[in-house]
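Read the structure below first, then the notes.
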Amino acid sequence: MRVFVDPDLCEGHSKCEKSAPAVFEVRDDDLSYVLLDPVPEEHREGVERAVRVCPRGAIAMTEDNE
Amino acid sequence: MTQLATPLDELNLNRADLFEQGQAHDVFRYLREHQPVHWNREGKRNVGFWNITKYEDVMFISRNPELFISSKDIGSAYPKDESEFDPETDDRGKHLIKMDPPRHVRVRRLVNKGFTPRAVNALEPHIREITNHILDDIEHKERTDFVLDVASQLPLAVICEMMGVPRKDWPYMFQLTNKVLGAADSEYQTDVPDEIRGTPEGAQETARQGMREMRQYFAAQLADRKGERKDDLLSLLVDSEDKGETLTDDEILWFAFLLIVAGNETTRNAISGGLHVLSEHPEQRKKLQDDMSLLPSAVEEILRWVSPVMHMARVATDDVEIRGTRIKKGERVVMWYPSVNRDEDIFADPYTFNITRDPNDHLAFGIGEHFCLGAGFARLELKVMFEELFRRFPDIQVDGEPERLRSNFIGGVKHLPVKLR
């Protein structure tokens, strides 16, 4: 799967980093960055949780065949 | 509970007394079980609307801000007759909370850098200093009104400083905020004729007075900043520009109004409500005071439990189905946060106050496009306040019943008597 963070929406709340620390990193500019592309399947649960709990709805994921 | 005092087709959540008397949780529980998408009958003056009481439905609405818009006002009560809006105080579409994407995204970007967790946390030492000044003022007392002397003072000071409001005017901002958000409560209807006090007309007039006066106040402040910039948010708004987006003077005044009102009424009630709920659960309170590292988690549980903002309304821009019920284009949906934060499908033992609850994905700040801009401030103010309060007054006790605000919008406490030692 591939994961994207919309920089226009992200405000650095860091919920994604807590849900999937191997996938997301919130940096000094208060934006979350996706560290892996594509994201290995083992992180699916964490990424799905990140998508769900992101306060701004800034995270999107797509499947490899899309 | 198996029955409601009012038949479902007569039930009206615009009635503030339902909340003042603390019956709302019974009603919400009943609605979640029997009619989670419930048509609230129209009133004499107001249109009918859908009461939304389940967590997943509020998530769905919040995640689709183009399908469910905010620019047709965000309160449950909406007049049937559009001419009831008064041009001077009609703020639909004028500030963030009543604005839709794509403009909402751009305007929020003008200010959100000042509200990120990192920016907020940098202010912690200063917020701690303010907190201690507030507590210094009650040091010599035995008893006090916790809302007036403590809970209201911190968020008021933080937002007023941020906006550059001189200290002498803070009580005035407090008073105007009460008029706007406490308008339905006769305690704040201080400047209306006797014959309309306590009526919907009295509430409407009180809210309008508060809005007009606050705008007049900030118009003078704005003129001042245009002459000379200061290190405050108002000056920043004057100069703000992002990808060609700027704010007009009218929008700056509405913005100032929104920030003052939202910044000082909500956290006030989370602090008061927090002390109250901790006092009602002495074993949880002891657990916290024995190990203050549990505070961040306790703050989240206080937010879930209190849900200081009770609802936000949206209007559907197309026909849509929610939980099998057809919502028609143009109809209002009202999302009830105290209800979703006790949704049995999401929270284990939702009626248990548990300061170590995990996970605790409450929606007290909403979610999505309009997620509370000030959430970081609210969390930090709550944390610092309880740290300093319990450090300095470890034996503080609630000493009487809280006096609740008459409102279906703000879950407020007007007065909370406490014994300090």
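Remember, it's a predicted structure, so these values are computed and weren't measured experimentally. Naming convention: chains lettered A, B, ... in sequence-line order (proteins, then strands); numbering from 1 in each chain.
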Residues R108(B) and D8(A) bridged, charged N to O under 4.0 Å:
no
Pair count under 4.5 Å, heavy atoms only, with chain A: among G368(B), G376(B), P359(B), highest is G368(B)
How would you list, in number order, the residues of residues 94-106 of chain B that have a heavy atom less than 4.5 Å from chain A?
H104(B), V105(B)
Among residues 52-61 of chain B, which ones touch chain A with a heavy-atom distance under 4.5 Å?
Y55(B), E56(B), M59(B)
So which of [options] has the largest heavy-atom pair count under 4.5 angstrom toward chain B?
| options | answer |
| --- | --- |
| H13(A), K15(A), R52(A) | R52(A) |
| D29(A), L9(A), V26(A), D28(A) | D28(A) |
| S14(A), G12(A), C54(A), P55(A) | P55(A) |

May I ask you to decide if H370(B)'s main-chain N or O and R56(A)'s side chain share a donor-acceptor pair within less than 3.5 Å?
no
Taking atom CD of E45(A) as the centre, does the number of heavy atoms from other residues, nucleotides or ligands within less than 6.0 Å exceed 12?
no
For D231(B), does the CG atom have more than 12 heavy-atom neighbours from other residues, nucleotides or ligands under 6.0 Å away?
no
Considering non-hydrogen atoms only, spot the tightest contact between E11(A) and P117(B) and give its length.
O-CD, 3.5 Å
Please name all residues satisfying salt bridge (Lys or Arg N to Asp or Glu O under 4.0 Å) with E41(A), sequence neighbours left out, ordered by chain then number.
R44(A)
Partners passing side chain to side chain contact (heavy atoms under 4.5 Å, CB included) against D30(A) (at least two apart in sequence or in another chain):
K113(B), T116(B), R118(B)
